[in-house]
Amino acid sequence: MKLNRFELKLLSGKLRCWVQEYYDIRQWRKLGARPCVNGSALDIGCGQGNGIKLAMSKFGVATVDAFDIDDRMLDISRRATAHLGGVKITNNSATEIAAPSDTYDIVFDYQVLHHIVDWQSALNEVHRVMKPNAQLMIAESLPGLIENSWIGRRMNHPRSNRFTVSQLQDQLLASGFVLSKSRIIGDHFIWLIATKR
Ligand SMILES: C[S@@+](CC[C@H](N)C(=O)[O-])C[C@H]1O[C@@H](n2cnc3c(N)ncnc32)[C@H](O)[C@@H]1O
């Protein structure tokens with residue numbers, strides 16, 4: 001599901017970059033994130049494209065494929081990363097990823113799964129395109145934020161088939177991942193790393 005104007009504004013600026021760099025990545029490091037020097041990365045639902053830059057600068061990957069379903073975000077992310085080599089940005093959905101199996105060393109999900117009605121299919125697809133032992137970095141919002149908070153109610157999210165912490169963890173295991181510990185804030189946010197078996 002695409003962003004409404006409120007969330008588009010919130011997620012296309014410096015504040016969002018700051019949260020990703022100084023909060024999301026810090027959480028993943030505490031959970032045991034490994035560097036991925038010269039690796040190949042995938043950024044699902046890349047938004048304004050900051051995750052692409054961070055994959056290179058913080059994890060050391062050489063190439064990043066990124067996609068989004070929203071042409072507005074594709075325009076912004078292409079402009080933001082035009083100076084970087086090794087980046088390919090396409091219009092694609094996480095439920096049907098246009099890449100062969102066993103392609104990526106690391107995949108980033110910065111706040112995307114909760115925008116997808118069939119998030120279970122998206123996880124199966126992500127698992128398919130990851131190499132064995134590759135890491136899926138997850139930073140997600142939970143129903144307490146999406147459904148009950150002032151800020152969440154001003155955004156556009158699917159209302160059916162939402163996931164709780166245990167539903168997300170159970171599906172990751174069912175998709176074939178091994179899980180790190182989770183960092184959870186109330187019923188609002190979760191960070192974890194899922195490694196392909
Ligand atoms: C909350 S934003 C996060 C954007 C970016 N990852 C960030 O953290 O700033 C969610 C993004 O996921 C995209 N999106 C929604 N459904 C998608 C799908 N099925 N496949 C790929 N991207 C999707 C939206 O267009 C939006 O850009």
Side-chain angles (χ1 to χ4, degrees), residues 1-28 33 41-59 61 64-81 87-99 104 106-130 136-147 149 151-163 168 171 175 188-192:
M1 186 172 277
K2 294 180 183 175
L3 307 181
N4 63 13
R5 284 176 61 182
F6 174 75
E7 196 173 5
L8 177 66
K9 202 156 183 132
L10 202 64
L11 292 189
S12 39
K14 287 192 175 138
L15 177 63
R16 178 68 193 137
C17 296
W18 188 90
V19 170
Q20 285 177 290
E21 181 166 354
Y22 296 104
Y23 209 79
D24 293 335
I25 290 182
R26 191 169 295 177
Q27 298 302 330
W28 290 330
L42 174 68
D43 187 3
I44 66 168
C46 59
Q48 66 176 336
N50 190 50
I52 299 170
K53 297 182 199 167
L54 293 174
M56 291 181 152
S57 64
K58 302 291 179 188
F59 289 84
V61 306
V64 185
D65 289 352
F67 60 75
D68 204 290
I69 55 163
D70 188 334
D71 286 330
R72 297 169 303 173
M73 306 318 289
L74 293 170
D75 283 347
I76 298 171
S77 56
R78 282 186 181 126
R79 267 188 272 123
T81 59
V87 176
K88 190 171 86 187
I89 301 176
T90 54
N91 187 327
N92 237 301
S93 172
T95 52
E96 210 171 335
I97 302 176
Y104 299 106
I106 189 163
V107 180
F108 294 91
D109 161 29
Y110 290 99
Q111 300 293 341
V112 179
L113 281 182
H114 73 274
H115 273 267
I116 302 176
V117 177
D118 191 0
W119 56 274
Q120 292 97 332
S121 293
L123 280 180
N124 287 331
E125 268 296 86
V126 167
H127 183 272
R128 179 184 69 77
V129 299
M130 289 169 68
L136 168 59
M137 322 301 292
I138 299 174
E140 272 301 332
S141 295
L142 297 168
L145 180 96
I146 299 166
E147 291 165 12
S149 72
I151 198 164
R153 285 198 303 272
R154 273 150 190 81
M155 299 176 182
N156 210 11
H157 295 122
R159 295 289 166 197
S160 61
N161 195 28
R162 298 302 73 213
F163 50 79
L168 176 63
Q171 180 59 47
S175 296
H188 283 52
F189 297 106
I190 180 168
W191 293 262
L192 78 159

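Note that the coordinates shown come from a computational prediction; the quantities given were computed from them, not determined experimentally. Just follow the structure's listing: the first ligand is 1, and inside any ligand the first atom is 1.
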So if I count the atoms of ligand 1 from 1 in the order they appear, which ones are less than 4.0 Å from some heavy atom of H115? 1 (C), 10 (C), 15 (C)
So which bit of Q20 gets within less than 4.0 Å of ligand 1, heavy atoms only: side chain, backbone, both or neither? side chain
Would you check if the side chain of E7 reaches a backbone N or O of M155 as a donor-acceptor pair within less than 3.5 Å? no
Residue and atom name of the nearest protein heavy atom (relative to atom 3 (C) of ligand 1), distance in Å to one decimal: Y110 O, 3.5 Å
Which of the atoms in ligand 1, numbered in the order shown and given with their element, are less than 4.0 Å from a heavy-atom of D70? 25 (O)
Residue L11 vicinity, atoms of ligand 1 by number, heavy atom under 4.0 Å: 1 (C), 2 (S), 3 (C)
Heavy atom of the protein closest to atom 8 (O) of ligand 1 (residue, atom name, distance): R16 NH2, 2.7 Å
The closest protein heavy-atom partner of atom 14 (N) of ligand 1 is I69 CG1, 3.8 Å
Can you find a non-hydrogen atom of Q48 under 4.0 Å from ligand 1? no
Going by distance alone, is a donor N or O of one side chain under 3.5 Å from an acceptor N or O of the other, for S141 and Q111? yes
Closer than 4.0 angstrom: is that true for some heavy atom of H114 and an atom of ligand 1? no
Kindly compute the distance separating CZ (R128) from CG (L123), expressed to the nearest 0.5 Å. 13.5 Å
Considering heavy atoms of the protein only, find what lies nearest to atom 5 (C) of ligand 1 and give residue, atom and distance to 0.1 Å. G45 O, 3.4 Å
How does N92 reach ligand 1, if at all, at less than 4.0 Å between non-hydrogen atoms: by side chain, backbone, both, or neither? backbone
Hey, does the side chain of N161 reach the backbone of D118 with a donor-acceptor pair shorter than 3.5 angstrom? no
Any T95 heavy atom less than 4.0 Å from ligand 1: no
Write out the residue and atom name of the closest protein heavy atom to atom 25 (O) of ligand 1, then the distance separating them to 0.1 Å. D68 OD1, 2.6 Å
